[in-house]
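One structure is given here, and the rest of the page talks about it.
The basis for the numbers below is simple: all heavy atoms, side chains too, and nothing from hydrogens, waters or symmetry mates.
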Amino acid sequence: MNSPEWKQGLIGSLSAVVFGAVQPVYAITIGGMISAFFLQNHDEMKARIRTYALIFSSLTVVSIIVNLIQHYNFAYMGERLTRRIRLRMLEKILTFEAAWFDQEQNSSGVLSSRLSNEASLVKSLVANRVSLLVQTSSAVIIAMIMGLVIAWKLALVMIAVQPLTILCFYIRKVLLSSISTNFVKAQHQSTQIAVEAVYNHRVVTSFGSVGKVLQIFDEAQEEPRKKTTKKSWFAGIGMGSALCLTYMSWALDFWYGGKLVESGQITSGDVFKTFFILVSTGRVIAEAGSMTSDLAKGATAVASVFEVLDRQSLIEGPCQVN
């Protein structure tokens with residue numbers, strides 16, 4: 001359904017690939033900047049620092065331009081897709097028999113919500129998530145190639161422990177984003193009670209039920225409060241363990257890198273470059289992995305959309321929408 005915008009998709013994907021390469025280049029420049037301070041020759045140190053400063057400035061310009069091109073093209077694709085989906089869904093819905101609309105899940109409010117929300121979720125899946133996946137894939141491939149070229153022995157060790165680092169970043173991000181879920185549920189239920197009380201305030205006041213309403217309002221938050229307290233303990237233990245494993249893997253990387261430097265196989269600058277490249281890549285992968293719930297929502301929305309588009313009406317003579 002997005003095939004008419006293939007040019008925008010191609011340009012956006014190429015821009016995402018280029019922007020994905022920015023992170024490894026930034027990481028290798030950081031490592032090179034640190035290694036420059038180990039040089040004995042002051043003039044050579046100044047020359048390298050000047051070069052790295054110019055690289056940082058270039059990355060700034062490239063990031064701005066590439067980001068604009070990437071997000072513009074994917075947003076263009078998403079908006080066109082949203083319009084196309086909504087038009088086709090409405091055209092299909094208007095051809096269905098009257099009995100279909102009598103079902104509770106096909107009321108006018110639900111259908112309006114589906115036209116609004118599900119099309120937007122599909123747009124988010126195509127525009128934002130595809131962009132992120134292409135960008136992440138580019139960053140991972142380029143970073144691993146760079147790491148293997150600079151110091152392949154150290155890179156192999158870091159790649160071997162990379163799943164552990166990714167898992168740690170993923171756990172921390174997921175725990176931080178999910179710890180407030182019960183608070184949100186409590187707030188939603190409490191808000192619903194408050195809205196109904198305010199909407200029917202004459203009845204509440206007439207029957208002297210203000211105290212009862214406040215009691216119900218407080219009880220609605222009690223169970224989520226207990227669950228969240230328990231979940232906070234698990235979150236604290238999980239985040240502490242994740243940080244512990246992260247630092248232990250970093251210790252292993254630096255220890256093995258020090259052994260390679262001591263034996264003269266690589267330089268200290270190569271250690272810093274490889275470390276920053278692959279550690280930053282682990283963070284990028286974890287951030288992409290934390291979007292799995294959003295991808296699941298988008299996939300559910302796609303299934304719901306095509307459930308409507310693929311349904312055949314039980315009556316003949318479909319209506320046409322101009």
Side-chain angles (χ1 to χ4, degrees), residues 16-56 58-59 62-63 132-173 238-290:
V17 170
V18 175
F19 185 69
V22 169
Q23 180 63 37
V25 174
Y26 168 79
I28 196 174
T29 308
I30 286 285
M33 181 69 81
I34 294 175
S35 64
F37 292 104
F38 289 91
L39 297 173
Q40 301 296 323
N41 190 313
H42 187 69
D43 292 332
E44 186 180 357
M45 183 188 298
K46 288 177 63 177
R48 284 203 185 182
I49 291 175
R50 187 181 300 111
T51 302
Y52 291 134
L54 289 174
I55 293 175
F56 281 128
S58 302
L59 288 177
V62 170
S63 297
L132 179 64
L133 290 175
V134 173
Q135 180 180 311
T136 303
S137 302
S138 169
V140 171
I141 294 171
I142 293 173
M144 288 190 174
I145 292 174
M146 283 184 175
L148 291 170
V149 170
I150 295 170
W152 66 271
K153 290 184 177 179
L154 178 60
L156 287 177
V157 173
M158 294 190 68
I159 291 172
V161 298
Q162 190 82 313
L164 185 63
T165 306
I166 295 169
L167 179 64
C168 294
F169 283 124
Y170 178 79
I171 289 174
R172 287 162 57 187
K173 190 172 183 64
M239 289 193 65
S241 302
L243 283 172
C244 176
L245 292 173
T246 300
Y247 295 142
M248 287 175 65
S249 64
W250 290 1
L252 173 64
D253 298 336
F254 280 119
W255 173 81
Y256 186 67
K259 287 291 184 181
L260 293 176
V261 172
E262 185 180 9
S263 61
Q265 298 184 45
I266 59 175
T267 64
S268 58
D270 295 337
V271 175
F272 287 116
K273 290 176 183 178
T274 308
F275 177 80
F276 281 111
I277 289 172
L278 294 178
V279 168
S280 63
T281 304
R283 184 179 288 107
V284 169
I285 296 173
E287 289 178 355
S290 64

query: Partners of Y26 by ring-ring contact (aromatic ring centres under 6.0 Å, His included), sequence neighbours excluded?
result: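 ring-ring contact (aromatic ring centres under 6.0 Å, His included) check on Y26 returns F56.
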
field: Which residues share a ring-ring contact (aromatic ring centres under 6.0 Å, His included) with W250, sequence neighbours left out
entry: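 Residues passing ring-ring contact (aromatic ring centres under 6.0 Å, His included) with W250: Y247, F275.
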
Identify, with sequence neighbours excluded, every residue that meets side chain to side chain donor-acceptor pair (under 3.5 Å) alongside [X].
X: K46; result: none
X: S58; result: none
X: D253; result: none

Could you grab the distance from atom [atom1] of [X] to atom [atom2] of [Y], nearest 0.5 Å is fine?
X: L148; Y: K153; atom1: CG; atom2: NZ; value: 13.5 Å
X: S249; Y: F254; atom1: OG; atom2: CZ; value: 10.0 Å
X: S268; Y: L260; atom1: OG; atom2: CG; value: 12.5 Å
X: I145; Y: I150; atom1: CD1; atom2: CD1; value: 12.0 Å
X: I159; Y: W152; atom1: CD1; atom2: CH2; value: 12.0 Å

message: Applying salt bridge (charged side-chain N to carboxylate O under 4.0 Å, His left out) as the test, list every pair that has at least one member in residues 259-282; sequence neighbours left out.
response: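 Pairs touching residues 259-282 that pass the test: none.
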
task: Take L39 and R48 through the test side-chain contact (heavy atoms from CB on, under 4.5 Å) and record every step on the way to the result.
output: CA-CA 10 Å; L39 297 173; R48 284 203 185 182; 3.6 Å; yes

Looking at residues at least two apart in the chain, or sitting in another chain, which of them share a side chain to side chain contact (heavy atoms under 4.5 Å, CB included) with [X]?
X: I142; value: A21, P24, S138, M146
X: D43; value: N41
X: I49; value: M33, A36, F37, M45
X: V22; value: F19, L59, V62, S63

- prompt: Where do M144 and L278 come nearest, in terms of heavy atoms and distance?
  reply: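 It is CA-CD2, 4.3 Å.
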
task: Heavy atoms only: give me the nearest I266-A151 pair and the separation to one decimal.
output: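 Taking every non-hydrogen atom into account, CG2-CB, 3.9 Å.
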
- prompt: Can you check whether M158 reaches T274 side chain to side chain, under 4.5 Å on heavy atoms?
  reply: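 Yes, at least one pair of side-chain atoms sits under 4.5 Å.
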
query: Any side-chain heavy-atom pair from L252 and V161 closer than 4.5 angstrom?
result: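 Yes, at least one pair of side-chain atoms sits under 4.5 Å.
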
- prompt: Do any N or O atoms from the side chain of T136 and from the backbone of L133 form a donor-acceptor pair under 3.5 angstrom?
  reply: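 Side chain of T136 to backbone of L133, a donor-acceptor pair under 3.5 Å: no, none is there.
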
Residue that, paired with F276, satisfies side chain to side chain contact (heavy atoms under 4.5 Å, CB included) out of T29, I34, V271, I28: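 Considering T29, I34, V271, I28, a side chain to side chain contact (heavy atoms under 4.5 Å, CB included) with F276 is found only for I34.
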
